[in-house]
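First listed ligand is number 1; within each ligand, the first listed atom is number 1.
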Amino acid sequence: MALGNCEVAVALLLFLSCSCSVYGDAGDIITPPKPIKDPEAIVSAGNQFKLGFFSPVNSTYRYVGIWYSNISVATPVLWVANRNNPINDSSGIMTISEDGNLVVLNGQGEVRWSSNVSIGFNQSTAQLTDDGNLVLKAGQNGNLVWQSFQQPTDTYFSKMRFIANARTGNKTLLTSWRSSSDPSVGNFSAGINPLGIPEFFICGFTLQDEGDGTFILSLVQDPAYRLTYVLTSRGKLTEQYWDYGKQGWEYTWEAPSTECDIYGKCGPFGSCDAQNSPICTCLKGFVPKNQDEWKKGIWTSGCVRMTSLQCDRIQNGSEVGKEDGFMKLEMMKVPTLPSTGQIRPPNKNAKMSA
Ligand SMILES: *[C@@H]1O[C@H](CO)[C@@H](O)[C@H](O)[C@H]1NC(C)=O
Ligand SMILES: *[C@@H]1O[C@H](CO)[C@@H](O)[C@H](O)[C@H]1NC(C)=O
Ligand SMILES: *[C@@H]1O[C@H](CO)[C@@H](O)[C@H](O)[C@H]1NC(C)=O
Ligand SMILES: *[C@@H]1O[C@H](CO)[C@@H](O)[C@H](O)[C@H]1NC(C)=O
Ligand SMILES: *[C@@H]1O[C@H](CO)[C@@H](O)[C@H](O)[C@H]1NC(C)=O
Ligand SMILES: *[C@@H]1O[C@H](CO)[C@@H](O)[C@H](O)[C@H]1NC(C)=O
Ligand SMILES: *[C@@H]1O[C@H](CO)[C@@H](O)[C@H](O)[C@H]1NC(C)=O
Ligand SMILES: *[C@@H]1O[C@H](CO)[C@@H](O)[C@H](O)[C@H]1NC(C)=O
């Protein structure tokens, strides 16, 4: 009996040390002699994030992605490298190329994705940090040459920062997946718009004005909650956090919350009312630009005037007819940037718009 217990203890110890060494061996870096081959992965030092190969639901293609490591599900995938160039079998590899870039190659050695920066040094190191950022460092001083936080996929998480510069037009954008089984670039993008009227605020975000036309949006959060924002393939921005008790994601908030919140849903001179069926109507004096589309519920091309404006009639030399006037419309929300002429200078109002 005593011997039996001892064997159990030894077996348990072996098992434990085994799983430790598997985790320990994974490491958090990729170097020229230490690539990852499907299905290998690296794990950030504090076991918060994992980078490896995955297949989306209902897909057999292989992609390299980053997801949370110490929870019981590998979704959402927070970042995808070769989103537009899947690998069709499990022969993929992520490595450092001869020019120092981080690359994803297929079994034929073809480049399916590259960090694509000029480095001039081939001994770079890629590291997955405990913030979920994949960073590429090169040169004697280990200069940061590239990071995944600056090239997000469809998810905002952790210490990512959104940058928008009104002058250079340089901004960080989330871009949706095409569908839940296809991470390639879909129809929607979201970022901060330093020019417009605030559409909605998200509590917990701070907006920093760098003074040179650059605005930085970041989230103040307790990492334990894993507050995560996903721009879905249907164009909704959802907020979720990990519920340790339930061992699942809790969805707390989503926008737009009605179809009418989708930008330009009813097109120019169309008006949207979520309580109506159909939701889109033309303003008084306007008719659908494309009747066939309109009847099918495709409203984006909007409405056109039934009668041209007085000034156009005069310019055209035709009869002046009835004078133009104004009509008061109530309970309407005007578009974010209604004036086409002047663009307002940047203000401090953060806006996430999809
Ligand atoms: C996956 O495919 C099955 C069968 O076609 C389908 O019922 C299911 O909705 C799909 N799941 C997703 C997330 O697309
Ligand atoms: C997989 O991709 C490789 C290279 O892109 C191609 O040569 C090969 O035919 C593909 N295999 C299948 C089964 O599609
Ligand atoms: C890096 O560059 C040196 C000199 O050009 C070359 O000898 C070496 O093979 C390269 N190493 C890798 C991993 O590409
Ligand atoms: C790298 O960037 C250049 C310039 O932006 C682009 O033309 C090229 O297609 C990119 N290559 C890869 C492998 O992404
Ligand atoms: C855009 O912003 C990023 C992050 O600040 C910066 O690294 C990059 O050089 C900028 N690009 C341009 C074209 O200004
Ligand atoms: C993207 O938008 C286009 C045009 O509205 C539409 O035809 C297409 O089905 C959309 N694609 C997806 C994946 O939603
Ligand atoms: C996962 O990470 C969180 C945040 O650091 C921590 O609170 C939690 O204890 C970790 N859980 C496990 C199972 O390691
Ligand atoms: C003005 O006249 C031109 C040519 O007759 C016509 O094509 C155009 O639609 C007219 N514009 C307006 C605003 O009536």
Give me the pairs of N or O atoms, one from ligand 1 and one from the protein, that sit under 3.5 Å apart.
| unit_1 | atom_1 | unit_2 | atom_2 | d |
| --- | --- | --- | --- | --- |
| ligand 1 | 2 (O) | Asn58 | OD1 | 3.1 |
| ligand 1 | 2 (O) | Asn58 | ND2 | 2.2 |
| ligand 1 | 11 (N) | Asn58 | ND2 | 2.9 |
| ligand 1 | 14 (O) | Asn58 | ND2 | 3.4 |

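- For Tyr241 and Phe157, the distance between ring centers is not under 6.0 angstrom.
- By the side-chain contact (heavy atoms from CB on, under 4.5 Å) test, Thr75 is found to be paired with Val73, residues two or more places apart in sequence or in another chain being considered.
- Using a cutoff of 4.0 Å between basic side-chain nitrogens and carboxylate oxygens, Lys328 and Glu330 are scored as salt-bridged.
- Among residues two or more places apart in sequence or in another chain, the salt bridge (Lys or Arg N to Asp or Glu O under 4.0 Å) test is passed with Glu254 by Lys236.
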Exercise. Please step through side-chain hydrogen bond (donor to acceptor under 3.5 Å, both in side chains) for the pair Asn101 and Ser115, ending with a clear verdict.
Key: CA-CA 6 Å; Asn101 272 296; Ser115 54; 2.6 Å; yes
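- Clustering of Ile, Leu, Val, Met, Phe, Trp and Tyr side chains at separations under 4.5 Å places Met306 together with Val287, Val304.
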